[in-house]
K.L.:
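Pasting in a structure now, in structure tokens, and then I'll have a few things to ask.
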Amino acid sequence: QKEVEQNSGPLSVPEGAIASLNCTYSDRGSQSFFWYRQYSGKSPELIMSIYSNGDKEDGRFTAQLNKASQYVSLLIRDSQPSDSATYLCAAAGTYKYIFGTGTRLKVLA
Amino acid sequence: NAGVTQTPKFRILKIGQSMTLQCAQDMNHNYMYWYRQDPGMGLKLIYYSVGAGITDKGEVPNGYNVSRSTTEDFPLRLELAAPSQTSVYFCASSPIPGLATAYNEQFFGPGTRLTVL
């Protein structure tokens, strides 16, 4: 069974701090990885995608991929209360995407 | 582009009724998916399609049926609705997921909130 594992949280960080979200995946054949943000009652929204080992930065967000350790992370710098949401990690398989259950992030003002 | 659209947004069904959830995408994606998400839980894949005329089961297909007659549309049919099917249903589409390239992410529709009483 191919899996993506995330800590469910909640992860609480003060406003302005760095939030660090992690996930691990089991399928070594996965080539691409994604972080989605989901606000309560809304659909998932893509934040970052990554498919090469190393870091990828986009504004306040940095995705990190380590294929040897089967580990993906998302760093959110200067966290804002509006970042409070559930963050879903996903790995792309051949025909479908495997999602983790999500980490709930709370940014405290 | 409208992206992925879903109708209806909300629906209440009585036990035993049937309905079809509509999903359409205008991005010319071959791959389409149906997920359900129960309160406080993750996404569970119901069915997916790799192209017109080709569908396959996901993790939780029981009580649902799909068809894919065109690239654009991927309706989900609920037969004999049960309270256990109360959930939020998301449709999604994507280019080829298995490619290690940019722009192969899934795009989600806004969801349909279904209650079965």
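Bear in mind the structure is a predicted one, so any value in this text is a computation, not a measurement. In the text below, chain A, chain B and the rest are named by the order of the sequence lines, each starting its count at 1.
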K.L.:
Calculate, to the nearest 0.5 Å, the distance between atoms CZ and CD belonging to B:Phe108 and A:Gln38 respectively.
P.N.:
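Between B:Phe108 CZ and A:Gln38 CD, I get 8.0 Å after rounding to 0.5 Å.
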K.L.:
So with a 6.0 Å cut-off around CE of B:Met27, is the heavy-atom count from everything else above 12?
P.N.:
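Yes, the 6.0 Å shell around CE holds more than 12 heavy atoms from other groups.
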K.L.:
Count I, L, V, M, F, W, Y as connected when their side-chain heavy atoms are under 4.5 Å apart, and connections chain through other members. Are A:Ile98 and B:Tyr31 then in the same cluster?
P.N.:
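Different clusters: A:Ile98 never reaches B:Tyr31 through Ile, Leu, Val, Met, Phe, Trp or Tyr contacts under 4.5 Å.
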K.L.:
Do the side chains of B:Ile46 and B:Tyr48 join up, straight or via other hydrophobic residues, at under 4.5 Å, putting them in one cluster?
P.N.:
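No, separate clusters.
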K.L.:
Looking at A:Ser43 and B:Pro110, what are the two nearest heavy atoms and their distance?
P.N.:
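What the structure gives for the nearest pair is OG-CA, 4.0 Å.
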K.L.:
What about A:Leu11 and A:Tyr87, same hydrophobic cluster or not, with Ile/Leu/Val/Met/Phe/Trp/Tyr joined at side-chain heavy-atom distances under 4.5 Å?
P.N.:
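A:Leu11 clusters together with A:Tyr87.
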K.L.:
If Ile, Leu, Val, Met, Phe, Trp and Tyr residues are connected whenever their side-chain heavy atoms lie under 4.5 Å apart, and connections chain through other members, are A:Val13 and A:Leu108 in the same group?
P.N.:
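As far as the 4.5 Å side-chain criterion goes, A:Leu108 and A:Val13 are not connected within one cluster.
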K.L.:
Is there a path of hydrophobic side-chain contacts, each under 4.5 Å between heavy atoms of I, L, V, M, F, W or Y residues, that connects B:Val4 with A:Ile47?
P.N.:
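No, no single cluster joins them.
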K.L.:
Say you draw a straight line from OH of A:Tyr95 to CG of B:Leu45; how long is it, rounded to the nearest 0.5 Å?
P.N.:
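With rounding to 0.5 Å, OH (A:Tyr95) is 14.5 Å from CG (B:Leu45).
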K.L.:
Using modelled atom types only, decide if a donor and an acceptor are shared between the side chain of A:Thr101 and the backbone of B:Gly42 within a distance under 3.5 Å.
P.N.:
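A pair under 3.5 Å: no.
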K.L.:
Which bit of B:Glu59 is near chain A, if near means a heavy-atom gap under 4.5 Å: side chain, backbone, both or neither?
P.N.:
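Nothing of B:Glu59, per the 4.5 Å heavy-atom cut-off to chain A.
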K.L.:
In terms of heavy-atom proximity below 4.5 Å to chain A, should B:Val50 be classed as side chain, backbone, both, or neither?
P.N.:
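Side chain of B:Val50 only, per the 4.5 Å heavy-atom cut-off to chain A.
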K.L.:
With a 4.5 angstrom heavy-atom cut-off, could you sort out which part of A:Leu88 is near chain B: side chain, backbone, both or neither?
P.N.:
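For A:Leu88, the side chain is the part near chain B, not the backbone.
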K.L.:
So, for B:Asn104 and A:Phe34, which heavy atoms are closest and what is the spacing to 0.1 Å?
P.N.:
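Between these two residues, the closest heavy atoms are OD1-CZ, 3.4 Å.
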K.L.:
To the closest 0.5 Å, what do you measure between NZ (A:Lys96) and OH (B:Tyr47)?
P.N.:
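One gets 12.5 Å once the value is rounded to the nearest 0.5 Å.
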K.L.:
Ignoring hydrogens and geometry, is there a side-chain-to-backbone donor-acceptor pair from B:Tyr33 to A:Tyr97 under 3.5 Å?
P.N.:
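No, the answer is negative, given that no donor and acceptor are paired below the 3.5 Å cut-off.
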K.L.:
Hey, are the side chains of B:Gln106 and A:Tyr36 touching, using non-hydrogen atoms and a 4.5 Å cut-off?
P.N.:
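SC-SC contact between B:Gln106 and A:Tyr36 confirmed.
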